[in-house]
There are 2 protein chains.
Amino acid sequence: MNLKQLSHMLALSQTTVSRALNGYPEVNEETRRRVMDAAKRHGYRPNPSARRLATGKTGMIGYVLPTGASVDIDPHFVEFLSGLGDYARSHELDLVLSPADADDQETTYRRIVANRQVDAVYISSPRPADRRVALLNTLGIPFIVHGRSEGFDFDYPYTDIDNEGAFHEAARLLVQLGHRRLALINGDSRETFAIHRERGVRRALAASGLLLGDGHVSSSAMTEENGYRAARLLLERDIAPTAIVCSSLIMALGVVRAVRDLGLSIPGDVSLIAHDDVFPWLKPENFSVPLATTRSSIRLAGARVAERLAARISGLEEGVRGEVWPVDLVVRGSVAGAPG
Amino acid sequence: MNLKQLSHMLALSQTTVSRALNGYPEVNEETRRRVMDAAKRHGYRPNPSARRLATGKTGMIGYVLPTGASVDIDPHFVEFLSGLGDYARSHELDLVLSPADADDQETTYRRIVANRQVDAVYISSPRPADRRVALLNTLGIPFIVHGRSEGFDFDYPYTDIDNEGAFHEAARLLVQLGHRRLALINGDSRETFAIHRERGVRRALAASGLLLGDGHVSSSAMTEENGYRAARLLLERDIAPTAIVCSSLIMALGVVRAVRDLGLSIPGDVSLIAHDDVFPWLKPENFSVPLATTRSSIRLAGARVAERLAARISGLEEGVRGEVWPVDLVVRGSVAGAPG
DNA sequence: CAGGAAAGCCAAAGCGCTTTGGAAGACTCT
DNA sequence: AGAGTCTTCCAAAGCGCTTTGGCTTTCCTG
């Protein structure tokens with residue numbers, strides 16, 4: 001059942017039927033009702049391919065998925081996706097993932113824009129001066145950055161959490177509890193969120209005349225194994241930290257294991273605060289010692305990004321406003337006063 | 001730059017240019033070269049929307065993503081996606097995720113098929129007599145099931161691992177080591193994989209005249225918390241199991257925690273084998289006691305599913321062959337002879 | 001050397017929608 | 001009553017590609 005047939009059986013032109021269905025004003029309300037009724041009765045659904053060709057609108061949002069044998073997709077992605085999908089569903093938006101060589105995403109971005117394959121895209125895990133942001137800004141497709149880049153001479157729309165503030169708060173609490181030697185087990189230091197978190201910790205320490213020692217900060221992919229390694233390295237130093245701030249719950253698993261392996265205890269020997277993106281399958285309160293966290297639901301962020309993308313597509317949102325969400329500090333048993 | 005312009009500047013018809021570009025035989029090789037050359041020089045890329053409308057082919061594969069406030073996307077999904085994306089990239093395929101109300105996916109499947117939004121789809125986490133399988137079979141779109149359904153009067157193409165065999169092997173090993181009371185901490189018992197795994201364990205036990213006691217099998221979503229709960233329940237029984245087989249690494253984290261909380265030890269008091277889907281961020285060899293596993297890379301499965309989908313789209317694969325991959329049993333420190 | 005086959009190319013008809021540029025009829029106003 | 005204004009509808013022109021059906025030209029073959 002296509003438009004031609006439908007309009008024919010209604011004894012109307014395709015124009016009128018199309019307009020009636022798409023809510024244009026220049027059609028009699030009585031006629032509109034007739035049309036909508038018939039459309040529903042015959043289960044008419046406009047062919048999206050045809051509509052795309054005619055309008056250029058796709059009803060899809062895009063994401064360029066870096067792939068490659070040695071490229072791991074972040075497990076956070078799935079939670080973000082939950083939120084995004086949940087919102088997208090309610091607005092009949094689909095998400096298209098375009099796999100790209102991790103080392104050459106530009107080609108793919110150019111392709112999906114040139115081909116008008118999607119109405120808008122989002123970017124995640126941005127870095128300072130991220131080329132993708134600059135590229136999309138040039139290409140002129142609606143987009144939202146999940147996270148933040150830095151160092152551009154233009155503004156761009158983003159949704160981020162207050163990573164610096166969160167880690168500042170976490171570190172400040174630890175300092176207040178008497179800790180003098182903090183350490184930071186961070187994610188990939190090339191990503192902005194990691195930079196911001198380190199900045200937050202440093203700022204809190206500086207406020208009390210303290211420093212984040214050279215060997216007291218480590219950056220790596222957020223795996224359990226890397227958390228373990230980093231923690232061992234830190235804790236086996238001559239002057240070991242008495243408190244650790246950690247960028248991920250998964251890494252924190254490794255930290256806890258390292259502490260245990262070394263015969264130390266949390267929070268007796270070392271206090272621990274980790275960032276929690278709120279996974280359904282791993283909760284900080286269920287750690288052997290309940291884990292204090294800086295908490296922010298990445299799922300909500302996904303829904304928000306979808307909402308903004310939808311708004312930009314429909315022209316409801318313009319401008320380049322960045323928004324930064326506050327992060328909760330949730331104190332649990334893994335923090336205590338400095339030993340000694 | 002569109003076909004019209006290109007053909008005009010080549011002083012050829014659109015027909016010929018189109019055919020030259022698409023490798024049809026009825027065009028002079030010399031002409032073809034000229035055309036391809038000009039196309040490359042001017043960066044001509046056929047408009048996919050137009051091509052879709054004309055051919056019905058989309059170059060996309062689909063996945064219906066169940067969403068909802070209380071629906072959690074499995075973290076396995078991301079690993080599967082890595083493999084799928086990696087293959088899809090090399091074949092210029094995109095993946096479109098269509099979010100659907102978890103309780104009404106049928107509408108969405110019907111939509112993407114009726115609208116010809118994708119060339120093929122895949123299904124994951126199937127259940128016995130899964131309605132999605134029946135539906136797709138009826139709708140006649142190429143598809144692959146990742147996993148298996150059961151109880152149809154028709155065959156369908158799937159790629160699965162030998163869950164029953166894997167858990168049979170695991171249980172058999174434990175029995176050989178003298179264990180008499182095994183327990184199974186399984187995933188959602190409505191899914192086929194969980195049923196097969198339980199079947200495998202039961203078969204191994206039965207071979208030695210043993211049974212999986214009523215209270216010795218638990219099924220729930222594969223979270224750390226559920227692993228913990230299940231393990232506590234099991235281990236606090238009057239006649240506690242001396243060995244546990246567990247369906248997921250994440251649940252195994254909870255099991256380990258429960259064992260520790262109860263003052264027991266692995267493998268002294270209880271042996272543990274878990275299924276490992278091979279996450280980059282959580283490895284069984286890094287458990288406090290290295291974890292024995294049944295191992296099968298879900299990432300490879302993703303690549304294989306993509307490969308088969310591509311083959312079906314291009315007509316290279318026909319029929320309804322199901323394929324079942326063997327699973328490795330990797331013995332590590334978490335298993336030992338039965339205590340006492 | 002006629003007749004048929006094969007090679008190489010083209011014009012035009014879709015694919016199914018949106019949108020432009022009217023046009024007919026009804027209504028208002030002077 | 002004539003001019004102007006809405007209201008409501010339509011024919012037809014795209015959007016940019018693929019594909020059908022046919023038309024020349026060249027090449028064999030008997």
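Just so you know, these numbers use all the heavy atoms, side chains as well, and skip hydrogens, waters and symmetry mates. Residue numbers begin at 1 in each chain, while the letters A, B, ... track the order of the sequences.
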> Hey, mind stepping through B:Phe80 and B:Tyr122 against ring pair (Phe, Tyr, Trp, His ring centres under 6.0 Å) and telling me if it holds?
Replying inline: CA-CA 12 Å; B:Phe80 185 83; B:Tyr122 83 90; 5.0 Å; yes
Is any side-chain heavy atom of [Y] closer than 4.5 Å to one of [X]?
X	Y	answer
B:Glu150	B:Thr192	yes
B:Leu21	B:Tyr44	yes
A:Gln117	A:Arg111	yes

> Residues in salt bridge (charged side-chain N to carboxylate O under 4.0 Å, His left out) with B:Arg321, at least two apart?
Replying inline: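 Residues passing salt bridge (charged side-chain N to carboxylate O under 4.0 Å, His left out) with B:Arg321: B:Glu323.
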>> Contact list please: residues 24-43 of chain B against DNA chain D, heavy atoms, distance less than 4.0 Å, in numerical order.
In response: B:Tyr24
>> Less than 3.5 Å apart, any donor N or O on the side chain of A:Tyr158 or A:Ser149 sitting next to an acceptor on the other?
In response: no
> Looking just at side-chain N and O atoms, do A:Arg308 and A:Thr159 make a donor-acceptor pair shorter than 3.5 Å?
Replying inline: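 Note: A:Arg308 and A:Thr159 side chains meet the donor-acceptor criterion.
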>> Of all nucleotides in DNA chain C that come within under 4.0 Å of a heavy atom of chain A, which is furthest toward the 5' end and which toward the 3' end?
In response: C:dG16 to C:dG21
>> Test your reading of the model: is there a side-chain donor-acceptor pair from A:Asp130 to the backbone of A:Arg132, 3.5 Å cut-off?
In response: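 Yes.
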> Is the backbone of B:Ile61 close enough, under 3.5 Å, to the side chain of B:Asp119 for a donor and an acceptor to pair up by distance?
Replying inline: no
>> For A:Gln5, run the side-chain contact (heavy atoms from CB on, under 4.5 Å) check against A:His8, A:Met1, A:Met9 and tell me which one passes.
In response: A:Met1
> Got a sec, which pairs hit side-chain hydrogen bond (donor to acceptor under 3.5 Å, both in side chains) with one end in residues 79-89 of chain B, sequence neighbours left out?
Replying inline: A:Thr67-B:Arg89, B:Asp86-B:Arg89, B:Tyr87-B:His91
> If you fit an axis to the five pairs at each end of the helix from C:dC1-D:dG30 to C:dT30-D:dA1, how big is the angle between those two axes, to 10 degrees?
Replying inline: 40°
>> Taking the basic N atoms (NZ, or NE/NH1/NH2) and the acidic carboxylate oxygens, is any pair closer than 4.0 Å for B:Arg34 and B:Glu30?
In response: no
>> Short of 4.0 Å, heavy atom to strand atom, which residues of residues 9-22 of chain B count as contacting DNA chain C?
In response: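 Contacts with DNA chain C under 4.0 Å: B:Ala11, B:Leu12, B:Ser13, B:Thr15, B:Thr16, B:Arg19.
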